[in-house]
Amino acid sequence: MLKIYNSFSSKIEDFEPFDPPVVKIFICGPTLYDYTHLGHARIFLTYDLLCRFLKTRGYKTDVLVNMTDINQSVFNKAIVQGIDYHTLSQFYSNEFIKDLDLLNIKTIARFAHVSDYVKNISKHISSLIEKRNAYSANGNIYFDTKTIKDYGKLSKQSRKQLNLHRMDIGPNKKNQEDFMLWNCSEDFGFSWKGDFGKGVPWWHIQDSSVVIENFGLHYDVHGGADELAYPHHEAHLAQYKAMTDLETPVKIWMHVSLVLSKGEKISKSRGNVVLARDLVTKYGQNLLRLYLFSTHYRKEIDYNEKNLLRNKSFLKKIQQTSLRASHKTSEDISALIQEFYASLGNDLNSPKALNFLEKICTKALKNSNISIEDFTRIMDTLGLRI
RNA sequence: GGUGAGGUGGCAGAGCGGCUAUGCGUUCGCCUGCAGAGCGAAUCUAUAGGGGUUCGAAUCCCCUCCUCACCUCCA
């Protein structure tokens with residue numbers, strides 16, 4: 001039904017959720033200090049496609065997205081603008097939701113703002129200290145990565161390599177690669193109380209707490225951008241294992257590749273950011289979907305406007321097909337429809353699926369037929385609004 | 001140094017064992033007072049290099065060369 005590449009095992013695996021027919025998916029969400037750009041859009045559209053496909057196979061999806069409002073970048077921008085960090089993050093949170101709507105992403109069931117979870121985070125840190133997975137050094141709390149046997153496996157790094165990273169630098173850390181859970185040493189002008197001291201919950205533990213509060217001891221898919229594999233996902237997995245006492249609390253680690261521009265990563269520091277809303281306004285979400293889905297999710301996309309526009313004629317063909325859709329699907333097209341879904345089922349091979357869709361359209365416009373029902377189902381799967 | 005993704009026609013970009021996409025471009029028609037847009041048709045027969053597997057490879061295996069990204073906050 002669905003084969004999917006698991007970054008943890010580096011293999012394409014048969015997908016079987018813990019509690020079928022429900023599929024629990026966690027997606028690393030936005031840090032709330034700026035608008036959604038094309039790279040973010042690709043991430044959420046990919047999981048939207050995954051969910052829509054899973055639904056056609058009889059699954060029910062439960063998607064959780066964390067909304068990072070406690071974060072250095074948020075604090076910094078709030079200071080620059082002279083406003084409360086919460087006001088700032090709330091603004092971008094609303095804008096994010098608007099962007100998802102523009103992108104026709106309706107598959108996300110829960111949004112979890114980290115600031116609503118600080119008490120839980122503190123509780124979980126206390127318990128990690130108790131279990132000796134975490135320790136205090138110079139007031140800060142760190143996770144002892146040596147307590148996790150195969151730490152580094154997800155990001156495919158040896159202990160030696162991990163040791164080279166200058167991770168969350170501070171005095172008296174047990175291991176160079178240990179990461180911070182609770183920051184007590186910096187003054188942000190505000191702090192929260194934990195049993196272990198006043199401070200700010202740090203990056204990685206936020207997701208783990210959000211996940212365990214919402215999903216409990218296990219879930220099926222952990223998603224996010226490729227670049228999050230280290231240190232973020234590695235750290236999250238270590239914490240989550242310690243919290244759940246399970247060896248495999250997450251079935252599939254699914255990483256979406258980056259969007260580049262002129263061969264370079266899209267990022268604010270390089271000044272080549274393209275906002276999702278601008279693209280949707282200018283070209284429409286249909287075109288954007290066709291463009292992004294015509295590259296496999298594990299492959300980088302080098303964005304340029306020309307390539308996006310190339311899908312125009314394809315979109316037109318789809319629109320013409322919709323006008324020609326009839327009451328019955330002919331056999332040759334029926335076979336192609338099967339191939340369309342089979343392609344998606346094979347590690348979400350959307351470019352191949354689109355190829356079949358194009359063949360379907362070509363035939364339907366010549367001498368074959370596709371039923372309105374079959375056609376609509378394909379559109380729904382891809383999230384196209386024709 | 002480590003990890004991952006790639007190298008396809010003039011260009012962009014799919015296909016991932018046999019049916020050789022698609023788009024841009026180019027050329028020719030139709031349309032038009034001209035131009036553009038639009039429509040129709042034709043055109044380019046490609047797969048980094050070298051071995052191998054196979055009846056058959058762009059597609060699988062090995063070697064070489066090259067490109068890019070990530071490994072620090074970034075999605």
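Since the structure is predicted, the reported quantities are computational estimates derived from the model, not experimental observations. Hydrogens, waters and symmetry mates are skipped; everything else that's a heavy atom, side chains included, is used. Convention: sequence-line order gives letters A, B, ...; per-chain numbering from 1.
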Q | Distance, rounded to the nearest Å, where Gln157(A) contributes CD and G4(B) contributes C1' | A | 12 Å
Q. Does Arg42(A) make a cation-pi contact with Tyr291(A), if we ask for NZ or CZ under 6.0 Å from the ring centre and within 45° of the axis?
A. no
Q. How are the rings of Phe196(A) and Trp182(A) set to each other: parallel, tilted or perpendicular (split at 30° and 60°)?
A. perpendicular
Q: Measure the acute angle between the ring planes of Phe75(A) and Tyr85(A), then classify it against the limits of 30° and 60° as parallel, tilted or perpendicular.
A: perpendicular
Q: Write down the distance separating the C1' atoms in A35(B) and G13(B), rounded off to the nearest Å.
A: 32 Å
Q: Would you please name every residue forming a side chain to side chain contact (heavy atoms under 4.5 Å, CB included) with Asp380(A), sequence neighbours left out?
A: Thr376(A)
Q) Looking at Thr31(A), does any N or O in its side chain come under 4.0 Å of the phosphate oxygens OP1/OP2 on A75(B)? A) yes
(Q) Please enumerate all residues that pass salt bridge (Lys or Arg N to Asp or Glu O under 4.0 Å) together with Glu213(A), with sequence neighbours excluded. (A) Lys123(A)
Q) How do Gln161(A) and Trp203(A) order along RNA chain B: which one's closest nucleotide is nearer the 5' end? A) Gln161(A)
Q.
In this structure, how many angstroms lie between the P atom of U72(B) and the CD atom of Gln72(A), rounded?
A. 17 Å
Q | Candidates A5(B), C73(B), G23(B) - which lies nearest the side chain of Met167(A) | A | C73(B)
Q: Classify the nucleic acid contact of Val259(A) as base, sugar-phosphate or nothing, counting any heavy atom under 4.0 Å across all strands shown.
A: base
Q. In whole Å, what separates the P atom of A21(B) from that of A14(B)?
A. 15 Å
Q.
The criterion is side chain to side chain contact (heavy atoms under 4.5 Å, CB included); which residues satisfy it with Asn175(A), sequence neighbours excluded?
A. Asp144(A), Thr145(A), Lys146(A), Glu177(A), Asp178(A)
**Q.** Cation-aromatic face contact Lys251(A)/Phe18(A), 6.0 Å, 45 degrees
**A.** yes
Q | Euclidean distance for C1', U26(B) against A12(B) (whole angstrom) | A | 15 Å
Q: Just do the side-chain hydrogen bond (donor to acceptor under 3.5 Å, both in side chains) check on Tyr219(A) and His222(A) with the steps written out, would you?
A: CA-CA 8 Å; Tyr219(A) 58 101; His222(A) 189 112; 2.6 Å; yes
Q. Trp253(A) CH2 to G4(B) P: how many Å, rounded?
A. 18 Å
Q: Mind checking His255(A) for me? I need base, sugar-phosphate or nothing, with any heavy atom below 4.0 Å counting as a touch.
A: nothing
Q) Taking the side chain from Arg110(A) and the backbone from Asn214(A), do they hold a donor-acceptor pair closer than 3.5 Å? A) yes
(Q) Tell me whether the count of non-hydrogen atoms from other residues, nucleotides or ligands lying under 6.0 Å of NZ in Lys131(A) goes above 12. (A) yes
Would you list the protein and nucleotides 11-14 of chain B atom pairs, both N or O, that sit under 3.5 Å from each other?
{"from": "A12(B)", "atom 1": "O2'", "to": "Asn307(A)", "atom 2": "OD1", "distance (Å)": "2.2"}
{"from": "A12(B)", "atom 1": "O2'", "to": "Asn307(A)", "atom 2": "ND2", "distance (Å)": "3.1"}
{"from": "A12(B)", "atom 1": "O2'", "to": "Arg310(A)", "atom 2": "NE", "distance (Å)": "3.4"}
{"from": "A12(B)", "atom 1": "O2'", "to": "Arg310(A)", "atom 2": "NH2", "distance (Å)": "3.4"}
{"from": "A14(B)", "atom 1": "OP1", "to": "Thr295(A)", "atom 2": "OG1", "distance (Å)": "3.2"}
{"from": "A14(B)", "atom 1": "O2'", "to": "Asn355(A)", "atom 2": "ND2", "distance (Å)": "3.4"}

Q) Which whole-number value in Å describes the distance from Ile301(A) CD1 to A75(B) C1'? A) 13 Å
**Q.** Rounded distance in Å between the C1' positions of U22(B) and U8(B)
**A.** 14 Å
Q: Take atom CG of Asp168(A) and atom C1' of C73(B), then tell me their distance rounded to the nearest Å.
A: 11 Å
Q. Can you list the residues that meet the side chain to side chain contact (heavy atoms under 4.5 Å, CB included) rule with Ser371(A), with sequence neighbours excluded?
A. Thr329(A), Glu373(A), Asp374(A)
Q: Would you kindly give the CD-to-P distance between Glu234(A) and G4(B), to the nearest whole Å?
A: 14 Å
Q: Please state the P separation for the pair A46(B) and A58(B) - nearest whole angstrom.
A: 9 Å
Q | Nearest-Å distance once atom C1' is located in both U47(B) and A41(B) | A | 27 Å
(Q) A cation-pi test, strictly: NZ or CZ of Arg159(A) under 6.0 Å from the centre of the six-membered ring of Tyr151(A) and no more than 45 degrees from its axis. Yes or no? (A) no
Which atom pairs, one a donor and one an acceptor, fall under 3.5 Å between side chains of residues 312-322 of chain A and the rest of the protein, sequence neighbours left out?
{"from": "Lys317(A)", "atom 1": "NZ", "to": "Thr362(A)", "atom 2": "OG1", "distance (Å)": "2.9"}
{"from": "Thr321(A)", "atom 1": "OG1", "to": "Lys317(A)", "atom 2": "O", "distance (Å)": "2.7"}
{"from": "Ser322(A)", "atom 1": "OG", "to": "Gln319(A)", "atom 2": "O", "distance (Å)": "2.7"}

Q | Derivation of the side-chain hydrogen bond (donor to acceptor under 3.5 Å, both in side chains) call for Asp69(A) and Ser115(A) | A | CA-CA 6 Å; Asp69(A) 51 6; Ser115(A) 57; 2.6 Å; yes
Q: Considering only atom P, compute the distance from A48(B) to G29(B) and round it to an integer number of Å.
A: 38 Å
Q: Check for a donor-acceptor pair, side chain of Thr244(A) on one end and backbone N or O of Leu246(A) on the other, with a separation under 3.5 Å.
A: yes
Q. Residues two or more places apart in sequence or in another chain: which of them pass side chain to side chain contact (heavy atoms under 4.5 Å, CB included) with Lys119(A)?
A. none
Q.
Which residues in residues 84-107 of chain A have a heavy atom closer than 4.0 Å to any atom of RNA chain B?
A. none
Q) So which one's nearest nucleotide on RNA chain B is more toward 5', Ser73(A) or Ser350(A)? A) Ser350(A)
(Q) I'd like the P distance from G4(B) over to C62(B), given in whole Å. (A) 14 Å
Q) Between residues 222-232 of chain A and RNA chain B, which residues have a heavy-atom gap below 4.0 Å? A) Ala225(A), Glu227(A), Leu228(A), Tyr230(A), Pro231(A)
Q: Report yes or no: does Glu234(A) contribute a side-chain atom to a donor-acceptor pair with the main-chain N or O of Gly152(A) at less than 3.5 Å?
A: yes
Which atom pairs link the protein and nucleotides 38-43 of chain B when you take only N or O atoms and keep those under 3.5 Å?
{"from": "C39(B)", "atom 1": "OP1", "to": "Lys316(A)", "atom 2": "NZ", "distance (Å)": "2.4"}

**Q.** Non-neighbouring partners of Asn183(A) that pass side-chain hydrogen bond (donor to acceptor under 3.5 Å, both in side chains), sequence neighbours left out
**A.** Ser185(A), Glu186(A)
(Q) In this structure, how many angstroms lie between the P atom of C16(B) and the CD atom of Glu339(A), rounded? (A) 10 Å
Q) Under a cut-off of 3.5 Å for both distances of each Watson-Crick or G-U pair, what dot-bracket string does RNA chain B give, using [ ] for crossing pairs and | for inter-strand pairs? A) (((((((..(((.....[...)))((((((.......))))))....(((((..]....))))))))))))....
Q: Could you tell me the separation between the CH2 atom of Trp202(A) and the C1' atom of U72(B), rounded to a whole number of Å?
A: 14 Å
